[in-house]
Amino acid sequence: DTEVTQTPKHLVMGMTNKKSLKCEQHMGHRAMYWYKQKAKKPPELMFVYSYEKLSINESVPSRFSPECPNSSLLNLHLHALQPEDSALYLCASSGRQGVPTEAFFGQGTRLTVV
Amino acid sequence: GIQVEQSPPDLILQEGANSTLRCNFSDSVNNLQWFHQNPWGQLINLFYIPSGTKQNGRLSATTVATERYSLLYISSSQTTDSGVYFCAVFQGGKLIFGQGTELSVKP
């Protein structure tokens with residue numbers, strides 16, 4: 001099974017709301033990633049978790065808060081977002097950070113901030 | 001950091017035509033992936049190809065790591081091949097994407 005599952009698929013939220021994006025994988029991967037993608041652009045890395053610890057934060061604003069409760073789950077907590085944060089948010093996993101292996105992506109959450 | 005460049009940026013084909021997409025990278029790598037992003041945003045794994053040649057149906061890929069490029073071949077294109085094709089490499093624990101090639105296959 002090479003599946004990464006993201007929920008929800010679509011999310012509309014107001015600028016004062018708090019919401020969470022969820023990601024799950026059961027491939028035994030120990031590295032998990034959050035990416036943000038704007039239209040007509042490649043995915044941009046936000047965060048990397050390695051063995052359930054945050055290892056890379058690409059200077060992401062604190063209104064985005066990642067969490068890795070266990071080796072299979074990755075959350076992204078959203079609070080006080082801005083309209084420019086509207087984008088496709090992608091979760092990925094790979095074997096181990098720093099060891100070249102194949103990465104797999106979820107289907108994404110399309111977020112609209114109103 | 002490593003630079004990943006893809007060409008062409010856009011490509012329009014008639015159904016049945018063949019095409020070659022190119023990915024150049026600025027530093028030595030021992031990993032490279034090709035993805036197809038469909039109109040719904042899903043990134044679909046096509047090939048994990050650090051070196052050599054692989055084939056999967058109408059698609060094949062070749063990576064020449066010593067010369068820092070990879071090629072994706074699409075033969076007998078179909079309308080369902082439309083979308084954006086990305087190559088990506090891992091460096092420093094980060095998966096870094098090229099800018100993509102947007103392919104449109106016309107019936």
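Throughout, protein chains are lettered first and strands after them, A, B, ... in sequence-line order, and every chain is numbered starting at 1.
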Novice: Are B/Leu11 and B/Val84 connected, step by step, through hydrophobic side chains (Ile, Leu, Val, Met, Phe, Trp, Tyr) whose heavy atoms are closer than 4.5 Å?
Specialist: no
Novice: Taking all non-hydrogen atoms of both residues into account, name the closest pair between A/Lys41 and B/Phe86 and its distance.
Specialist: O-CZ, 4.1 Å
Novice: Among residues two or more places apart or on two chains, list those pairs meeting side-chain hydrogen bond (donor to acceptor under 3.5 Å, both in side chains) that have a residue in residues 29-41 of chain B.
Specialist: A/Gln37-B/Gln37, B/Trp34-B/Ser70
Novice: Taking all heavy atoms of A/Pro43 and all of B/Leu43, pick out the closest pair and write down the distance.
Specialist: CG-CD1, 4.1 Å
Novice: Check the hydrophobic clustering (I, L, V, M, F, W, Y; side-chain heavy atoms under 4.5 Å; chains of links allowed) and say if B/Ile49 and B/Phe25 are grouped together.
Specialist: yes
Novice: Do the side chains of A/Ile56 and B/Ile96 join up, straight or via other hydrophobic residues, at under 4.5 Å, putting them in one cluster?
Specialist: no
Novice: Which one, A/Gln6, A/Glu58, A/Glu44, leads in non-hydrogen pairs under 4.5 Å with chain B?
Specialist: A/Glu58
Novice: For chain A, which residues from residues 99-107 of chain B have at least one heavy atom closer than 4.5 Å to it?
Specialist: B/Gln99, B/Glu102
Novice: Flag the pair B/Val4 / A/Pro42 as yes when at least one side-chain heavy-atom distance between them is below 4.5 Å, and no otherwise.
Specialist: no
Novice: Do B/Leu32 and B/Phe97 share a hydrophobic cluster (ILVMFWY, side-chain heavy atoms under 4.5 Å, transitive)?
Specialist: no
Novice: Please classify the contact of A/Lys9 with chain B as side chain, backbone, both or neither, using a heavy-atom distance under 4.5 Å.
Specialist: neither
Novice: Please give me the minimum heavy-atom distance between A/Thr101 and B/Phe90, naming the atom from each residue.
Specialist: O-CE1, 3.4 Å
Novice: For A/Lys38, does the NZ atom sit with more than 12 other heavy atoms under 6.0 Å from it, leaving out its own atoms?
Specialist: yes
Novice: Do the side chains of A/Leu90 and B/Phe35 join up, straight or via other hydrophobic residues, at under 4.5 Å, putting them in one cluster?
Specialist: yes
Novice: Looking at B/Leu95, is its backbone amide N or carbonyl O close enough to the side chain of A/Tyr35 to form a donor-acceptor pair, meaning the two atoms are under 3.5 Å apart?
Specialist: yes
